[in-house]
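All remarks here apply to the structure that follows.
Only heavy atoms go into these numbers, but all of them, side chains included; no hydrogens, no water, no symmetry mates. Here is the naming used below: chain letters follow the sequence lines, and residue numbers restart at 1 for every chain. Fair warning: this is a prediction, and the values are worked out from it, not measured in the lab.
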2 protein chains.
Amino acid sequence: MTLSEINSWQTIKAEVMRRIVERVWLPGDQIPNEVDLAEEFGCARATVNRALREVAEAGLVERRRKAGTRVALNPTRKATLEIPITRLEVEQRGWRWRHVILEREETLPPAVVTTRLGLSDKIPMLHVRTLHYADNSPFLYEDRWVNISAIEAIRSVNFQSIDANEWLVQNAPFTRGDITFSAANATELEAELLEAKKGAAIFVIDRTTWNGDIPVTLVRLAYAPGYRVHTEL
Amino acid sequence: MTLSEINSWQTIKAEVMRRIVERVWLPGDQIPNEVDLAEEFGCARATVNRALREVAEAGLVERRRKAGTRVALNPTRKATLEIPITRLEVEQRGWRWRHVILEREETLPPAVVTTRLGLSDKIPMLHVRTLHYADNSPFLYEDRWVNISAIEAIRSVNFQSIDANEWLVQNAPFTRGDITFSAANATELEAELLEAKKGAAIFVIDRTTWNGDIPVTLVRLAYAPGYRVHTEL
DNA sequence: GAGTGGTCTAGACCACGCC
DNA sequence: GCGTGGTCTAGACCACTCC
């Protein structure tokens, strides 16, 4: 701890959070404005601003111009999930990763795919189905549709040594995407591939990504039973 | 758009992201330092710093003192989930929320609970089991253990009009917590309560919270089939 | 109208970490 | 050592929004 940290924004953030947690400032209360807090803490207003901005991002206070800063009534906590590349996810758990391409074909997508992406169903897309292994156990069944016109280069990629997810992450950055987590009973196919019983509860991630307004890829990830996503609050 | 926004940190952030997405700067590349970028954009270094800090938080670049700022090789995207109060979650979907207390008892917790919380199994905890409804359909089965010694006030709360989750959010702020998402097959009890078939795939959230080093609550949320968590990337 | 947060500036010192 | 990002300052103007 150096002297400069005494009035660092982290210190102020921690003190503000302490006052909220310990009920010095009650839910709904307006807290002192930035100028007053800067005076109290003996620092510049910008430092207080940085601290309060972070507290607001954490969901503990709400800030509005003129209305000031208030302790949130319903502190909606935010959980941040990192969406890793499957290979790294497997390796970080200490297993060996490998994958098998089940299908890789340029074909006309079904309506459910084109609808979600807002594309014509008359344009062929690349359909890649992959099974990922952790050591020798099935880990993840990936069913992916790629908009070829968005990334011509993918046509010439051989996915034997690198998987589609990883290649796309490195070669087709996207500007926005959405992601849905759900639970599903394993279909017969999924059960067979994941070496589970039919109907077993499967954790499913559906993800769609766009580059600007151009859809890039839509993927459904069906994880083997027992998969969990964990994060800190 | 005012003049001041031309060189705002948002503009710079967008431009930096554009250069990464459009491959002006390649993965692994070191990008110009803050002083040079400030000169290029005609702004103060602090403004560039703010922009680059946000790009780094988004996972697109990695920053290290002396080593500079590099475009990430494996851009690990981060998804932020808001963890709402169940009542609000139901109401936001346009349904009417109500809940039924199935059990509310001070009792000795099972070992699995005390182990996770690092508590002695000889201390009674408050066990609250609740069924939440959306309109008249079961929505969520909540099985919660509360560390009474952490929040004495909970003893005297009647949960008929407010539910435990909501009361705790408003009255027992925590400093840290962890959360796990998984899928499970409905047990016989869960199936009955949630009006689902036994074995149906259930989305499960396990959450534990602490206030400093004091465990506050441990809860398992089992959602009715069809529940999904959605967010933008 | 006026109070509050949001942002920008120009400068400064410091911490880290590569060499 | 020294280049880079991390942070702080003092001041300024602006944008929003409540009154």
Notebook entry, point to check: Salt bridge check: are B/R155 and B/E152 linked by an N-O gap of less than 4.0 Å?
Noted result: yes
Notebook entry, point to check: Taking atom types as modelled and ignoring hydrogens, do the side chains of B/Y227 and B/E89 form a donor-acceptor contact shorter than 3.5 angstrom?
Noted result: yes
Next item on the list: Can you label the angle between the B/W167 ring and the B/F159 ring as parallel, tilted or perpendicular, going by 30° and 60°?
Entry: perpendicular
Notebook entry, point to check: Does the side chain of A/T209 pick up a donor-acceptor pair with the side chain of A/R176 at under 3.5 Å?
Noted result: no
Check: Is the shortest side-chain N/O distance from B/Q10 to OP1 or OP2 of C/dT7 below 4.0 Å?
Finding: yes
Check: Between B/R93 and B/D135, is there a side-chain N and carboxylate O pair less than 4.0 Å apart?
Finding: no
Checklist line | Donor on one side chain, acceptor on other, A/N136 and A/R98, under 3.5 Å | finding: yes
Next item on the list: Check the distance between C/dT4's C1' and A/E62's CD and give it to me in whole angstrom.
Entry: 16 Å
What pairs of nitrogen or oxygen atoms, one from the protein and one from nucleotides 17-19 of chain D, lie under 3.5 Å apart?
| from | atom 1 | to | atom 2 | distance (Å) |
| --- | --- | --- | --- | --- |
| D/dC18 | OP1 | A/R64 | NE | 3.1 |
| D/dC18 | OP1 | A/R64 | NH2 | 3.4 |

Notebook entry, point to check: Taking 4.0 angstrom as the limit, do B/E62 and B/R70 come out as a salt bridge?
Noted result: no
Notebook entry, point to check: Honestly, is A/R77 close enough over B/F174, meaning NZ or CZ under 6.0 Å from the six-membered ring centre and within 45° of the axis?
Noted result: yes
Notebook entry, point to check: Which ones in residues 31-54 of chain A lie close to DNA chain C, meaning a heavy atom under 4.0 Å from one of its atoms?
Noted result: A/N33, A/E34, A/R45, A/N49
Check: Atom CD of B/E57 and atom C1' of D/dG5: how far apart are they, to the nearest Å?
Finding: 14 Å
Checklist line | Rounded distance in Å - NZ (B/K13) to P (C/dC8) | finding: 13 Å
